[in-house]
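Since the structure comes first, as structure tokens, the remarks are kept for the end.
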Amino acid sequence: MGLDGGCYCGALRYTAEGAPVFKGQCHCRECQYISGGHPNAVMGMPAATFSYTKGAPKTFTRKDLPNPVTREFCAECGTHILARSPGVPGAVLLKVGTLDDPSVYGGPQMVIFTCDKQAFHHVPPGVPTFERVPG
Ligand SMILES: [Zn+2]
Ligand SMILES: [Zn+2]
């Protein structure tokens with residue numbers, strides 16, 4: 001599967017190939033900042049097939065956490081493109097909303113970090129949920 005996407009202003013564009021390694025819905029408190037308050041829809045793609053075709057992202061990594069993710073986002077418009085997580089090596093965790101066609105996501109295979117779920121968040125029926133992450 002070939003995927004293209006980019007940020008809201010168009011300064012960043014990317015492409016990725018292959019089968020998704022992860023399709024998740026994350027309720028963690030950190031994601032609530034990035035998403036605007038709702039859970040984050042994330043599609044993991046093989047990092048080896050991912051590249052920026054236009055622009056270079058600004059990155060942010062928290063210094064106060066033992067295994068922080070690194071977030072990559074547009075310095076112009078602030079759109080968060082992806083996270084790279086030590087817990088999911090070899091993958092980029094793309095924000096589904098940055099895909100040219102977000103419908104390819106289809107929905108999450110799992111719902112994670114329900115420990116931080118807000119009362120106004122919705123979990124799709126029939127999808128496995130985890131208080132944090134599986135395993
Ligand atoms: Zn932008
Ligand atoms: Zn999260």
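Counting starts at 1 for both ligands and their atoms, following the listed order.
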Distance only, no hydrogens: is a donor on one side chain within 3.5 Å (strictly under) of an acceptor on the other, for Y8 and E76?
no
Would you say the side-chain atoms of N40 and S35 include a donor-acceptor pair closer than 3.5 Å?
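Checked: N40/S35 side chains show no N/O donor-acceptor pair below 3.5 Å.
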Taking the six-membered ring for Trp and the full ring for Phe, Tyr or His, determine whether the centres of Y14 and F50 are under 6.0 Å apart.
yes
Degrees at the Zn ion (ligand 1) between the SG atom of C77 and the SG atom of C74, nearest 10°:
110°
Tell me the angle that SG of C7 and SG of C9 form around the Zn ion (ligand 1), rounded to 10°.
110°
Protein N, O or S atoms less than 2.8 Å from the Zn ion (ligand 2), ignoring waters?
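Protein N, O or S atoms closer than 2.8 Å to the Zn ion (ligand 2): C26 SG, C28 SG, C31 SG.
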Salt bridge (charged side-chain N to carboxylate O under 4.0 Å, His left out) with D100: which residues, sequence neighbours excluded?
R13
Crowding at CD, E131 (>12 non-hydrogen neighbours, <6.0 Å):
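Open: at most 12 neighbouring heavy atoms sit under 6.0 Å from CD of E131.
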Y33 atom OH: more than 12 heavy-atom contacts under 6.0 Å:
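No, OH of Y33 has 12 or fewer neighbouring heavy atoms, counting only those of other groups under 6.0 Å.
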Classify the ring geometry between F120 and H38 as parallel (under 30°), tilted (30 to 60°) or perpendicular (over 60°).
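Correct class here is perpendicular.
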